[in-house]
Amino acid sequence: MPPKAKAKVGAKQRTAPERAASKVEAVDPSGQVSKNFSVWSAQAPSVKAAPSTCYAKCLVLPGSTSTTYKLRQIDPPGYEDGEFEAAPSRLLNCNEETMNPMALRDIGLLSHQNSACVLDFLRARFMQNMIYTTADPLMVAINPFRDLGNCTDEVIVKYRDAASVQHLPPHSFSIAREAMENLVSVNKSQTIIVTGESGAGKTEATKHCMRYFASAKGSMDLRIQKAVMAANPVLEAFGNAKTLRNNNSSRFGRFMQLVLAPHGGILNGRVTGFLLEKVRVCSQATNERSFHIFYQLLKGASAEQKRKYALEDVKTYRNLNGSAVGTASGCYSVDGIDDVGDWQEVQQSLVSMQLTPTDIDAVFSIVSGVLKLGNVQFQGATIEGQDNAAQLDAGNYALLQQACVLLKLDDVDKVASGLCTTAKTIGNEQVTVRIQKPEAVLLCQSLGKAMYDYLFKWIIARLNRTIEPEYFKEFMGMLDIFGFEIFDKNSLEQLLINITNEFLQKNFIDIVFERESKLYREEGVSTTELVFTDNKEVIDTLIGKRGSIFAVLEDSCINKGGTDASFYSLLCQTLGTTKAFRKPQGGDRDLIFTVGHTIADINYCAQNFVSKNSDLLKAELTEVAQASSSPIVAEMFAGIPVERGKLAKGQLIASQFLKQLDEMMGIILSTEPHFIRCVKPNETKKPLDWDAQKVLNQLFSLSVLEALQLKKLGFSWRRPFNEFVTQFRYINLDLDAAMKAASTPTRQREVAQQLLSACGKLISPFQEGKQWQVGKTMIFLKPEVVQELMLLQRRLMEQYAPAVTFLDALIKAKYLRRTALQNAKRGTRLQALIRKRLTQSGKPACTVLQIDPRQPVFMG
């Protein structure tokens, strides 16, 4: 393993474009500044007028110095009259070579891969409906917010049956084919990791890959495949919801293991769900919805189903309307979502998953019961000296009874007692005492969330029972998970999501480094320059066994009387000197702390951390569920530990999640990964709407720019011998002709080395092993050397400027003369036709004085 780099890969606080700027290398040793070339600037007039555009392309003007450049904006147009100045350190290089963004598959082939160049390249492709782009080893997929017709069965066949996909545009199908070919040819398990923020298209990308895997060339038993594919609408119904950012947002992580037939088709599989956002069962933000299944059931159920499940109007349920029943605060309908049609599909999909009618009936009954339970209200009264003690009046007790029937909880009295009382040990006796009304409300919500959460897990377990093989050997993994989340107010949910992404980031860095090392070895190039820094320090800060955020949170939850304030105080005391942790000024009041994540510094609010991490179902309520006469409910809660008194660390939410995450990462690390990064181009959800600032933030959070930076750590610029000579042919045009005549790889290598020798005479230093290396099939260059060569080529080409200007004038003159002659002939013919028409009409014809046959003169 090489030594660590001195500087960590990836910058911090990258929301401002200027912070990503790199110095423009356009100054030669004499101090002269090259002119008439383009740069990207975040200080241009159009960017000041609209900061969300991030960058504008500008022309470097004469009079620029090594410390100050004179610039004029050229793109977007409309600002050509104004000039401004900027320091070179605040500018970014442009890719000046003629290039068709539609023809280039990989961002890594750009000479300059700074944030402005990558943004411009992706935008150009996006506007031409090219939503897939490679950034090896990643593939970027931009949500078009419309059907482009590029994911049909015909397109699947095109990518499946092609001799090679190298000549085809990047696509999710090409990733799926590559993974499948590796699975079959080398018998090594594969995983496709699909990440992105809500609304970026993760679910669709996952569906496309699964559709590709399901496309079989031959005949096979389709029952299991049908069950696997049918699970998608069911998991979406129970695990997806309408959020402010996305109408069909996955509110859980999903990892699938698929056993594929050699020629396509799904033989077996297994699904693992994690991090379901169960808090959404009881509350949602304004203009958001709870899980789709609630609205599908309420809107699509038949009259018989409405009677059987005691369904009411959607506006009567507190879980879907906040605390104000029947108000306009609820979000009931969504453009583009057909709840009634989706309800029919879900019912059919459950049948395809091989659930029995009894199973399906129990599932819908529990969903209705969760809604009904949310309407139960508690009253506060003074009971046995306890102020605001929780109690149920007759009406709410009857409502609780109806909810318990739907939830298959047989002992309603024990449920009511568990919600309103608690057992305490006083001396040597254990007595039952009333709890306060707010605590009872939370317990009731916890019961509803637990019922839904365990129902979701049961559906997945029931699916797995149908599709699982006896054992897994080689498999195809599919991980659909949220990317790093950064909100205005980040809580425990975001912390767990970002912990997951730090694990995936470490895996990603290791993969990039491994692939780069392999290429260097194959080409016979030294790896001494290939160094990197991982994110181990961040992970230790988050979940280390001692002195980490996770460890402090665990201690605060299991200790009696632990509060958010005490957790925050202990956290700052324990981690105050850690580099990846910081307490902002004024954080004590707002309980704010900052974690230096790989992609950015993220602020978290410690409020509700303790209660969320301790959100476990009360022992008495768990016992009622486990004793249910319904086999499904009993199975849902089977194996759940019933603990009274002090909590154990293993029971806490974060502990359970991290255990599950560790198991999943163990599986992923045993496979060969492929990466799809999904990008959301705007918040309007409209086609061809490009928000540059939003895209830029995602390029950082999804490690797209970091992937390019990682490859820059060594000899990041590499080209085959012929492409190297072609790109820098103006340094020595004779060698360009020699390369075209070279018929063998050995001769091409010799010509490329001759060009390197010519470059070494013109720039210094230019040492082999330090600035460049020659591989077996390509040239390897350091990024700064590429800039030197491009500057050298630009200056050499400037020497031809007077001759080019003169020749350009001659060519234009010849073209204009030829055009004039052609127009003269047409004019003469037109005159004849006009005279003929006038003569026929009896009107006097005009007289034409032919001074020169090429210059007719009209006279009245």
Where does the angle between the aromatic ring planes of [X] and [Y] fall among parallel (under 30°), tilted (30 to 60°) and perpendicular (over 60°)?
X	Y	answer
Phe657	Phe274	tilted
Phe567	Phe609	parallel
Phe291	Tyr452	parallel

I'd like to know if Arg465 pairs up with Glu635 as an ion pair, taking the criterion as any Lys NZ or Arg NE/NH1/NH2 lying under 4.0 Å from an Asp or Glu carboxylate oxygen.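 The answer is yes: the pair qualifies as a salt bridge.
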Indicate yes or no: does Glu236 engage Lys207 in a salt bridge with an N to O separation below 4.0 Å.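 Yes.
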Look at atom NZ of Lys226 and say whether more than 12 heavy atoms of other residues, nucleotides or ligands are closer to it than 6.0 Å.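 Not more than 12 within 6.0 Å, no.
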Any chance CG of Asp313 has more than 12 other-residue heavy atoms, nucleotides or ligands included, within less than 6.0 Å?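 Count over threshold, so yes.
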Please walk me through it: do Trp458 and Phe238 pass ring pair (Phe, Tyr, Trp, His ring centres under 6.0 Å)? CA-CA 12 Å; Trp458 179 88; Phe238 283 84; 10.0 Å; no
Return yes if some donor-acceptor pair links the side-chain N/O of Ser290 with the main-chain N/O of Arg280 below 3.5 Å, else return no.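 Yes, Ser290 side chain to Arg280 backbone: donor-acceptor pair under 3.5 Å.
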Quick check: does any side chain N or O of Thr500 sit under 3.5 Å from a backbone N or O of Leu496, one acting as donor and the other as acceptor?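 Side chain of Thr500 to backbone of Leu496: a pair is present.
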With no hydrogens and no angle check, just 3.5 Å: does a side-chain donor-acceptor pair link Lys612 and Ser491?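 The criterion, which ignores hydrogens and geometry beyond distance, is satisfied for Ser491 and Lys612.
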Between Asp393 and Asn396, do the side chains contain a donor N or O and an acceptor N or O under 3.5 Å apart?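 Side chains of Asn396 and Asp393: pair found under 3.5 Å.
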Testing the basics here: between Gly369 and Leu407, what is the closest heavy-atom pair and its distance to 0.1 Å?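 Minimum heavy-atom contact is C-CD2, 3.6 Å.
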Which is it for Asp339 and Arg289 under the salt bridge (Lys or Arg N to Asp or Glu O under 4.0 Å) test, yes or no, and what are the steps along the way? CA-CA 12 Å; Asp339 291 313; Arg289 299 207 310 180; 3.1 Å; yes
Test side-chain contact (heavy atoms from CB on, under 4.5 Å) on Tyr397 and Val412; report intermediate values, then the result. CA-CA 9 Å; Tyr397 183 87; Val412 63; 3.5 Å; yes
